[in-house]
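One structure below.
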Amino acid sequence: MTNRPETFNEDFVREMVRADLARATFGGRIQTRFPPEPNGYLHIGHAKAITLDFELASEFGGICNLRFDDTNPDTEDTVFVEGIIEDLEWLGYTSAGEPLYASDYFEQLYEWAELLITRGLAYVDDQDAETISQQRGGYGQPGVESPFRNRTPEENLDLFRLMRAGECAEGSRVLRARIDMQHENMQLRDPVMYRIRHEHHHRTGDAWHIYPTYDWAHGQSDAIEGVTHSLCTLEFDSHRPLYDWYLSQLPLTMDAPRQTEFARLELTHTVTSKRRLATLVADGIVDGWDDPRMPTLRGLRRRGYPAEAIREFCTYIGVSRTNSRHQIELLESFVRQHLNANAPRKMAVTNPIKLVITNWPADTVEYVEVVNNPERESDGTRQVPFSGELFIEAEDFMAEPPPKYFRLTPGREVRLRSAYFVTCTGYEHDADGNVSTVFATYDPETRGGNAPDGRKVKSTMHWVSAAHAISGSAAFYDRLFSAEVPGAETGDVMDDVNSNSKTLLAGCKFEPSMLDVAPGEVVQFERLGYFAHDPRESMLFHRTVGLRDEWARVKDAKN
RNA sequence: UGGGGUGUGGUGUAAUUGGCAACACAGCAGAUUCUGGUUCUGUUAUUCAGGGUUCAAGUCCUUGCACCCCAACCA
């Protein structure tokens with residue numbers, strides 16, 4: 001953290017926890033949990049929740065568990081359980097104990113449900129979903145009580161046991177809490193506690209035919225685990241009275257947990273909705289959940305985003321109750337900051353043209369010493385082969401340069417990084433008019449990259465010796481969604497998908513030491529940006545993020 | 001239509017809880033530089049609107065306005 005202040009975010013959540021601790025609420029304890037549903041992979045939005053849940057607990061000497069909210073057998077799967085555990089660890093967090101599962105509490109939940117029935121606080125409703133929904137009423141309109149609302153506890157118990165035994169068809173009945181059909185908060189109009197599903201559950205198998213809803217499972221799971229502060233996103237705000245109501249009816253031995261809501265993380269040019277992300281994968285718009293353009297944790301990882309940068313970003317943006325959308329540039333600035341300090345520098349030519357040094361002694365190869373990371377002297381130097389035939393970036397030569405173009409042009413002298421000064425003497429182009437070869441002479445006195453007479457050059461360029469070059473490819477990425485807020489203008493998120501979000505350049509030329517770059521490692525291609533080595537395909541690199549590019553701005557300003 | 005939540009530069013987050021509106025990102029200008037990178041310096045720009053209380057209001061009161069969430073047997 002060089003250019004960022006040492007902030008101690010005293011947000012409203014921390015303020016609350018501090019006050020609770022001071023008053024010794026919850027016996028002076030703090031315990032949180034991160035409760036994903038295993039029906040998809042984690043994304044950048046989850047990273048905010050994870051950082052909050054885990055950091056908050058550790059800051060105040062408590063613990064945080066990973067708990068799978070696996071109450072819906074329809075969509076959940078063990079592949080997601082494993083994926084989530086893996087992504088969480090990559091981010092830098094592990095569950096305080098073994099990962100927990102709401103499904104482990106099904107029996108306790110069931111017993112408590114029977115208790116509510118016994119006390120006349122829950123009933124079995126034989127109506128279908130549509131009828132129940134209609135009877136719920138509307139905003140400003142009171143609901144209508146179900147004709148089954150006044151069944152006796154005995155009858156309810158019998159029916160509920162029948163439901164559990166698998167004697168009832170899916171959708172034929174539900175268990176509902178008996179609260180208040182007139183309540184101004186729709187959540188309290190006799191919410192559904194159990195639905196019938198004859199579905200295989202990823203953990204409990206076929207043991208159950210009824211499954212608890214989110215509201216009935218969540219707070220109770222928190223209570224069972226001893227959670228004190230249950231953090232969730234803003235849309236659950238109106239569920240809080242229900243969360244509290246359920247807990248208040250149960251014979252708990254500890255203080256009931258408390259739910260607190262905060263604003264979810266939204267980013268410009270991206271979507272964070274499992275459904276949308278699944279569509280991108282299903283429609284083949286991206287190559288999978290770990291496509292480097294995806295905002296999933298596995299996508300960002302493959303793209304080369306350091307976990308630490310993501311964590312710092314999440315900490316930095318803090319937590320509030322204001323719906324907002326952060327500019328993705330802020331996240332990228334954390335990524336750059338981290339990579340600038342840590343990524344080894346390499347020379348790679350992604351759009352090669354030949355540079356022939358006409359006065360270079362034939363068949364001679366020299367090795368020049370190149371700094372590995374100017375930001376960290378201790379990373380040392382490496383030897384890179386230099387010869388009379390090199391590759392340089394096509395963009396680094398122009399026969400007819402515009403103003404402020406500092407790179408190679410006829411008659412101009414520039415520096416080849418850590419090697420020699422060269423002066424352009426001519427060039428050749430192919431039938432289409434594209435420059436294919438540039439000719440230059442070098443000054444033997446400038447070896448190492450400095451002129452003994454002290455003369456200066458306007459630019460320094462990267463290069464790769466043709467005879468020693470390693471071939472590979474580089475994928476450049478643009479925003480997956482061209483609109484800042486996908487769907488805001490077009491009405492449909494998918495209409496803002498950027499069809500040119502990926503540019504794959506095969507035929508790149510890398511310096512020999514690139515062979516030492518480990519799978520998954522991120523390096524800086526000098527002057528081009530940071531690139532992550534694909535974990536599976538050798539010599540395929542994904543551009544994590546570009547360098548700040550002043551020339552691009554100058555160029556664009558004129559267009 | 002009822003209930004709940006939220007409004008601070010372009011973006012996001014702060015403000016000792018009534019006392020000079022700050023920090024970062026982005027932008028602009030310059031310096032340094034063997035990466036048009038990094039670093040450094042300077043700079044532009046903010047309290048949703050009206051009314052009220054007060055010596056003093058982003059903060060308190062009041063009236064509006066805008067946006068978000070809630071009528072799944074999803075979470």
Side-chain angles (χ1 to χ4, degrees), chain A residues 2-5 7 9-11 35-37 39 69 71-72 74-75 125 128-130 132-143 170-171 173-176 183-189 191-197 210-211 213-215 217-218 232-241 261 263 268 274-275 316-327 329-334 336-337 340-341 345 347 370-371 374-375 404-407 415-419 421 448-450 456-462 484 524-529 546-555:
Chain A
T2 46
N3 60 348
R4 263 167 263 258
T7 49
N9 285 332
E10 188 58 28
D11 49 72
E37 183 187 14
N39 67 346
D69 227 338
T71 58
N72 184 355
D74 293 356
T75 56
D125 194 335
D128 60 29
E130 198 185 334
I132 290 176
S133 169
Q134 275 166 8
Q135 289 175 349
R136 190 114 52 202
Y139 303 137
Q141 267 95 264
E170 284 194 12
R173 305 186 218 268
V174 290
L175 184 74
R176 289 228 257 169
H183 202 104
E184 60 196 14
N185 181 345
M186 307 293 278
Q187 303 299 332
L188 283 283
R189 321 251 258 226
V192 172
M193 296 170 65
Y194 278 97
R195 67 296 207 174
I196 298 165
R197 281 293 117 86
I210 53 173
Y211 291 90
T213 54
Y214 165 85
D215 289 297
H218 203 93
C232 63
T233 44
L234 244 28
E235 66 268 28
F236 292 103
D237 181 292
S238 58
H239 294 240
R240 187 173 359 116
E261 313 82 26
T268 55
K274 279 185 202 165
R275 208 188 103 230
Y316 182 77
I317 59 172
V319 39
S320 77
R321 286 177 67 87
T322 312
N323 283 312
S324 61
R325 190 174 288 263
H326 282 83
Q327 292 174 328
E329 288 83 353
L330 182 62
L331 209 208
E332 290 175 338
S333 86
F334 277 91
R336 280 201 195 92
Q337 179 180 303
N340 175 53
R345 316 284 129 126
M347 290 200 282
V370 183
V371 171
E375 299 297 313
K404 293 194 180 167
Y405 183 84
F406 301 150
R407 281 107 103 144
R415 171 167 40 229
L416 294 179
R417 168 128 239 207
S418 303
F421 282 14
N450 281 304
K456 303 283 184 203
V457 288
K458 289 280 263 187
S459 96
T460 299
M461 299 171 12
H462 61 279
E484 273 210 339
Q524 184 194 102
F525 289 176
E526 293 226 23
R527 305 205 301 137
L528 297 176
L547 263 17
R548 260 222 222 94
D549 189 348
E550 192 172 317
W551 168 238
R553 285 207 297 269
V554 171
K555 214 167 40 174

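Labels below follow one simple rule: chain letters A, B, ... track the order of the sequence lines, proteins then strands, and each chain is numbered from 1.
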Quick one, Leu175(A) and Ile210(A) - any side-chain contact, counting heavy atoms below 4.5 Å?
no
Taking the P atom in each of A49(B) and G10(B), what is the distance between them to the nearest angstrom?
13 Å
Looking across every strand, which nucleic acid part, if any, lies under 4.0 Å from Arg415(A) by heavy atom: base, sugar-phosphate, or nothing?
base
OP1, OP2 of U11(B) versus side-chain N and O of Thr268(A): anything below 4.0 Å?
no
His462(A) near the nucleic acid: base, sugar-phosphate alone, or nothing, with a heavy-atom cut-off under 4.0 Å?
nothing
Please give the distance between the P atoms of U47(B) and U11(B) as a whole number of Å.
12 Å
Just to be sure I understand the rule, does Asp215(A) reach a base, reach only the sugar-phosphate, or reach nothing, if contact means heavy atoms closer than 4.0 Å?
nothing
So does Arg275(A) get a side-chain nitrogen or oxygen closer than 4.0 Å to the phosphate oxygens (OP1/OP2) of A75(B)?
no
Contacts of Leu416(A) and Thr75(A) projected onto RNA chain B by closest heavy atom; the upstream (5') one is Leu416(A)
For Asn185(A) and Gln187(A): C-alpha separation, side-chain torsions, deciding distance, then whether side-chain hydrogen bond (donor to acceptor under 3.5 Å, both in side chains) applies.
CA-CA 5 Å; Asn185(A) 181 345; Gln187(A) 303 299 332; 5.0 Å; no
Of the listed nucleotides C28(B), U35(B), A75(B), the one nearest the side chain of Arg553(A)
C28(B)
Using the glycosidic torsion, which applies to A45(B): syn (within 90° of 0) or anti (everything else)?
anti
Could you check which of G36(B), A75(B), C23(B) has an atom nearest any side-chain atom of Asp549(A)?
G36(B)
Residue-phosphate contact under 4.0 Å: Arg417(A) side-chain N/O, U33(B) OP1/OP2
no
If the plane angle is over 60° it's perpendicular, under 30° parallel, otherwise tilted; pick one for His239(A) and Phe236(A).
perpendicular
How is Tyr211(A) classified with respect to the nucleic acid when contacts are heavy atoms under 4.0 Å: base, sugar-phosphate, or nothing?
nothing
I'd like to check Pro191(A) versus Met193(A) (side-chain heavy atoms, cut-off strictly below 4.5 Å). Are they in contact?
no
Contact class for Arg407(A) vs. all strands (heavy atom < 4.0 Å): base, sugar-phosphate, or nothing?
base
Looking only at A72(B), U38(B), U13(B), the nucleotide nearest the Ser133(A) side chain is A72(B)
Asp74(A) atom CG is separated from A72(B) atom P, nearest whole Å, by 17 Å
P atoms of C23(B) and U41(B), separation to the nearest Å
12 Å
Side chain of Trp551(A), heavy atoms from C-beta onward: which of A26(B), G12(B), G36(B) has the nearest atom to it?
G36(B)
Using a heavy-atom cut-off of 4.0 Å across all strands, would you classify Ser320(A) as base, sugar-phosphate, or nothing?
sugar-phosphate
Could you state the CG-P distance from Asn72(A) to C73(B), rounded to the nearest angstrom?
12 Å
Does any non-hydrogen side-chain atom of Thr71(A) lie less than 4.5 Å from one of Glu37(A)?
no
Less than 4.5 Å apart, side chain to side chain, heavy atoms only: is that true for Lys404(A) and Lys555(A)?
no
What I want to check is whether an N or O donor and acceptor connect the side chain of Gln327(A) with the base of G10(B) at under 3.5 Å.
yes
Base, sugar-phosphate, or nothing: which does Phe421(A) touch, judged by heavy atoms less than 4.0 Å apart?
nothing
So does Arg189(A) get a side-chain nitrogen or oxygen closer than 4.0 Å to the phosphate oxygens (OP1/OP2) of A72(B)?
no
Looking at every strand, decide which applies to Glu261(A) at a 4.0 Å heavy-atom threshold: base, sugar-phosphate, or nothing.
nothing
From the list A75(B), C23(B), G37(B), which nucleotide is the closest neighbour of the side chain of Tyr316(A)?
C23(B)
Between Val370(A) and Arg345(A), is any pair of side-chain heavy atoms under 4.5 Å apart?
no
How far does the C1' atom of C48(B) sit from the matching atom of U44(B), given to the nearest Å?
23 Å
Look at the side chain of Glu329(A) against the base of U11(B) and say whether a donor-acceptor pair falls under 3.5 Å; ignore hydrogens and angles.
no
Classify Thr71(A) by what it touches in the nucleic acid, base, sugar-phosphate, or nothing, heavy-atom distance under 4.0 Å.
sugar-phosphate
Can you tell which of C70(B), A75(B), C25(B) lies closest to the side chain of Gln187(A)?
C70(B)
Do the non-hydrogen side-chain atoms of Thr213(A) and Val174(A) ever get within less than 4.5 Å of each other?
no
Could you check whether any side-chain heavy atom of Met186(A) comes within less than 4.5 Å of a side-chain heavy atom of Ser238(A), counting everything from C-beta outward?
no
For Val457(A), does its backbone N or O pair with a side-chain atom of Arg415(A) as donor and acceptor, under 3.5 Å?
no
For Arg173(A) and Lys458(A), find the nucleotide of RNA chain B closest to each by heavy atoms; which residue's nucleotide sits nearer the 5' end?
Lys458(A)
What is the distance from CD of Glu375(A) to C1' of U32(B), rounded to the nearest Å?
14 Å
Report the distance from atom CZ of Phe334(A) to atom P of C23(B), rounded to the nearest whole Å.
16 Å
Rounded distance in Å between the P positions of U8(B) and A14(B)
11 Å
Would you mind classifying the nucleic acid contact of Arg336(A) as base, sugar-phosphate or nothing, using non-hydrogen atoms under 4.0 angstrom?
nothing
Give me, pair by pair, the N or O atoms of the protein and of nucleotides 2-6 of chain B that are less than 3.5 Å apart, along with how far apart they are.
unit_1, atom_1, unit_2, atom_2, d
G4(B), O2', Asp237(A), OD1, 2.6
G5(B), O3', Arg321(A), NE, 3.4
U6(B), O3', Thr322(A), OG1, 3.4

Would you check if the side chain of Arg407(A) reaches a backbone N or O of Ser459(A) as a donor-acceptor pair within less than 3.5 Å?
no
Rounded off to whole Å, could you give me the CD-to-P distance for the Glu37(A) and A72(B) pair?
18 Å
What does Pro374(A) touch in the nucleic acid at a heavy-atom separation under 4.0 angstrom: a base, only the sugar-phosphate, or nothing?
base
From C70(B), C74(B), U35(B), nucleotide with atom closest to Arg527(A) side chain:
U35(B)
Side chains of Arg336(A) and Glu329(A), heavy atoms from C-beta outward: is any pair under 4.5 Å?
no
Is there a side-chain polar atom (N or O) of Thr460(A) under 4.0 Å from OP1 or OP2 of U35(B)?
no
Take the protein atom CD of Gln337(A) and the nucleotide atom P of C25(B), then report the distance between them rounded to whole Å.
8 Å
Expressed in whole Å, how much space separates the P atoms belonging to C73(B) and G58(B)?
47 Å
Counting the atoms with a prime plus P, OP1 and OP2 as sugar-phosphate, which does Asn450(A) contact under 4.0 Å by heavy atoms, base, sugar-phosphate, or nothing?
base
Send over the distance from Leu528(A) CG to U38(B) P, rounded to a whole Å.
14 Å
Both atom distances under 3.5 Å, Watson-Crick or G-U wobble: I'd like the secondary structure of RNA chain B as a dot-bracket string, with | for pairs made across strands.
.((((((..((((.....[..)))).(((((.......)))))....(((((..]....))))))))))).....
Between Arg548(A) (CZ) and C28(B) (C1'), how many Å, whole number?
13 Å
Would you find a donor on one side and an acceptor on the other, under 3.5 Å apart, between the side chain of Arg195(A) and the backbone of Gly171(A)?
no
